[in-house]
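One structure below.
No hydrogens, no waters, no symmetry mates; every other heavy atom, side chains included, goes into these values.
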Amino acid sequence: MSTKEILTACSGITDALNNGELKTAFDLIQSLISGVQELSFQNRLNELQDTYRYLLHYYEEGTHDPAREQIYATIRTGAYELADRVRYRALSALTGISHAWSWTFPSPHPVEVAELVGQMPAQYEEDNPTWFETSIICLFEIVWKTPFLSADDAAPLRRALADGRFPLPAKCQIVSALLLGLQMLFDREKLDLLFDAAAEEDMEVRIRALIAICLTLYKYRQRTPYYPGIRHRLDTLAEAPDFRRIMQTVVLRFILSRETEKVTHKIQEEILPEMRKLKFTSQGERFGLLSDFPGDGVNPEWKDPATGDHVTKKLEEYASLQEEGLDVSHSTFIHLKNFGFFREISNWFLPFTLRHSSFGNRENTHSVGMDTLMQAVFMCNSDKYSLFLSLLKIPETQRKQIMQQMDSQFGAMNKQQLQELKSKHNKVESITSQYIQDLYRFYKLYPHRAEFEDIFNWTLDFHLLPALKPYLSDAETLLNIAELYLRKGYYEDAQTLYDWLIERDAQDEMLYQKAGYCRQMTGDLQGALAAYLRSELLNPDSKWLLRRLADCYRMIKQPEKALAVYRRYEQLSPDTVPALIYMGHCCLEMKNYADALKYYFKADYLEPESPKIWRAVAWSSFLSGKYDQARHYYGKILDRRPLMQDFLNAGHTEWVLQHIQKALAFYRSAVKAEDGGFDKFHTLFGQDIPDLLRAGINPSEIPMLLDRLQYTL
């Protein structure tokens, strides 16, 4: 069988097992075994099938068997594991297979795990970095590249993880190697070792292990429910008082990782160019149009007063992005991963240390500023290595100048500022954020990344996993996750959680508002309307809510109801220009042109220099037959920065007044005003034909005028 045929068969086996179609899965496994011709595989398959046949026979006979579900789960997990082993054997026997398989699983490593693990504490204490680093790389390779760890191989690793003297960097690398191996093949021994690591006292090892467990459970979410031991081990970990807080942090940080590419683009395309200009225009020069409706967006009442404005509006400054916990360093170091250091896969996960042999003489990069910066929480381990390695490429004279400048800058900071730089977030958040960023760098920048399934393309909604849901289902955790989804614009994800929270607390008006907002932003206007109406029963005087209610009614073409709600809004907030404009729009849709003009004129009185309001007045005047009034306002509009639609409507007005030459002049200006030319003009013109006919234009004149226009272009 070819690589493609093997992978296709394996995919079919997985799908069948996920769907509980064991007979189909067994048949597909049999076809793979026929190509491998491994007797132990055939014996195991026969054993599983025999057990399953007995189970089905007793089921058919109606025999009560309290152990049936347990036996079924054992058969199913056995089939998953057999399929994994057959797949590995089939692929490893091929030549010319994909890079990931050929490179990941070579022949067994000649060094014994126990021997290697036993040497590492002494190597670390003797301060022999090269020797120790070589051992770490070797250990990483063994753990990662061994497809299925034996009990004998796992035993020394388990002892190392539990040993307080065993070097912390080596423990961290064991965890990362286990994670990488599990992403290729499921192995119960490796998962058990991760659970051992997650029970460690050291927070660095513990959090890395919990992240690896979450990713493993997510990848194998279809099969892990059939391993009761996983729930038992999770329950044991959950006895720690900070377990749920750590898990919540992991979930939130992975959600923030979705923003990395957006942040990178923002920094590179918006923030850095502006910083280079060192020149800013006034707000008055930036915004020339009508200001937005008050509360147009998320409800300002939803803000957490402790977090400030930056959680409710788009972050525009680098410091704000960093404060939010977003990955601001990726854009800086994205091109600094080409050093030889990063050719070794294990180094992408290595905890940062100034003792690394790649730095050579420590004096090359020693400075107070650098030492302080290396303790900053916003830089992950991978980026710190990039920074140091980049400095070593700079000529010594320039490097010393940089160090002196950094010493001067950091020396001007007081102790409190330095401490804030080092500990902007608490330890749990810092370790979690840095390790996820290290993983992000690997899956996005590693030269052979195409051979690995990118975990950051997954949804990673850990709170929905059956295995993890019990530890992430309290109201506070779900609300925190929902709030982050909402702030970042993941409305469908947020809506699911708000619906769950509403089931628990049907009297919280804000939950209905947020659920409605999520539905409105995803286009479910009827669902949004229902949620808003529920919230209105609890708080009928919320101006933001009334605004949203009216919006929904207007978008589902119920202008009468929208107008009634806008009037309620105006009672709470008189003389609000956007409300007056929208009330005019509702009247316009109801063809009540006289009332529409009343609202527009009042808005024009309150804000007399708004072309947006003039457009509304002019068009309403045209529709109500007040052509001279419409002409007056189009004249004001055309003196500003007119749009194609403005020239078009001005032309309509002149045509109705039988000023044909002026109408043609405006139409020519409309054609030339924007990209799209005559085709775009013709489309817009066609939309206005019913209004032109109502205004008295003879239908026979329309093609004549359009032809004349084309001759004059």
Side-chain angles (χ1 to χ4, degrees), residues 289-303 312-314 479 482-483 485-503 505-593 595-596 599-600 603 612-613 615-616 619-620:
L289 299 178
L290 182 71
S291 60
D292 289 337
F293 199 108
D296 190 19
V298 298
N299 188 346
E301 297 175 11
W302 300 347
K303 290 191 302 182
T312 57
K313 64 183 181 181
K314 188 177 181 181
L479 183 60
E483 299 289 270
Y485 276 140
L486 178 64
R487 292 201 305 269
K488 297 305 173 188
Y490 302 112
Y491 299 115
E492 292 182 358
D493 295 313
Q495 177 192 313
T496 299
L497 297 183
Y498 285 128
D499 289 344
W500 288 357
L501 290 166
I502 286 171
E503 291 179 4
D505 184 2
Q507 299 303 311
D508 189 333
E509 55 158 312
M510 291 297 182
L511 293 179
Y512 287 110
Q513 286 187 18
K514 293 172 184 179
Y517 182 76
C518 291
R519 284 186 164 83
Q520 185 175 358
M521 297 305 290
T522 55
D524 180 10
L525 298 178
Q526 292 291 350
L529 189 62
Y532 289 150
L533 289 172
R534 290 290 301 272
S535 182
E536 184 193 22
L537 294 175
L538 300 170
N539 182 7
D541 295 328
S542 167
K543 290 189 287 187
W544 181 92
L545 179 61
L546 292 175
R547 166 77 170 90
R548 286 291 164 184
L549 265 175
D551 277 353
C552 286
Y553 280 129
R554 192 162 53 85
M555 286 188 282
I556 62 175
K557 306 300 182 183
Q558 295 186 20
E560 299 89 350
K561 291 184 178 180
L563 179 60
V565 177
Y566 281 128
R567 284 172 175 164
R568 287 172 54 196
Y569 180 96
E570 195 198 15
Q571 291 176 354
L572 295 172
S573 185
D575 296 338
T576 301
V577 171
L580 293 168
I581 293 174
Y582 283 119
M583 285 191 283
H585 291 347
C586 291
C587 292
L588 207 62
E589 292 176 21
M590 297 161 60
K591 304 189 184 308
N592 187 346
Y593 306 128
D595 284 350
Y599 288 121
Y600 292 146
K612 184 179 289 187
I613 297 175
R615 289 187 180 99
W619 186 242
S620 295

Are [X] and [Y] side-chain neighbours, meaning at least one heavy-atom pair lies under 4.5 Å?
X	Y	value
Asp541	Asn539	yes
Lys514	Tyr491	no
Tyr498	Leu486	yes
Glu589	Arg554	yes
Leu511	Leu479	yes
Tyr569	Ser573	yes

What is the distance from atom [atom1] of [X] to atom [atom2] of [Y], rounded to the nearest 0.5 Å?
X	Y	atom1	atom2	result
Leu497	Ile502	CG	CD1	11.0 Å
Lys557	Leu525	NZ	CG	11.0 Å
Leu572	Arg547	CG	CZ	14.5 Å
Arg519	Gln526	CZ	CD	12.0 Å
Thr576	Tyr582	OG1	OH	13.0 Å
Gln513	Asp508	CD	CG	9.0 Å

request  = Say whether, by atom type as modelled, one donor and one acceptor occur between the side chain of Ser542 and the main chain of Leu545 under 3.5 angstrom.
outcome  = yes
ask   = Tyr600 side chain to His585 main-chain N or O, any donor-acceptor pair under 3.5 Å?
value = yes
ask   = If you take all heavy atoms of Leu588 and Ala596, which pair is closest and at what distance?
value = N-CB, 4.0 Å
key: Closest non-hydrogen atom pair between Leu563 and Cys587, with its separation   = CD2-SG, 4.0 Å
task = Starting from the C-alpha separation in whole Å, work towards a yes-or-no answer on side-chain contact (heavy atoms from CB on, under 4.5 Å) for Tyr566 and Leu549.
result = CA-CA 9 Å; Tyr566 281 128; Leu549 265 175; over 6 Å; no
query = Would you call Asp493-Lys488 a salt bridge at under 4.0 Å N-O?
reply = no
Let me have the donor-acceptor pairs involving side chains of residues 527-536, under 3.5 Å, with sequence neighbours excluded, atom names and distances please.
residue: Tyr532; atom: OH; partner: Tyr517; partner atom: N; Å: 3.2
residue: Tyr532; atom: OH; partner: Gln520; partner atom: OE1; Å: 2.8
residue: Arg534; atom: NH2; partner: Tyr512; partner atom: OH; Å: 2.8
residue: Ser535; atom: OG; partner: Glu509; partner atom: O; Å: 3.2
residue: Glu536; atom: OE2; partner: Arg568; partner atom: NH1; Å: 2.5
residue: Glu536; atom: OE2; partner: Arg568; partner atom: NH2; Å: 2.9

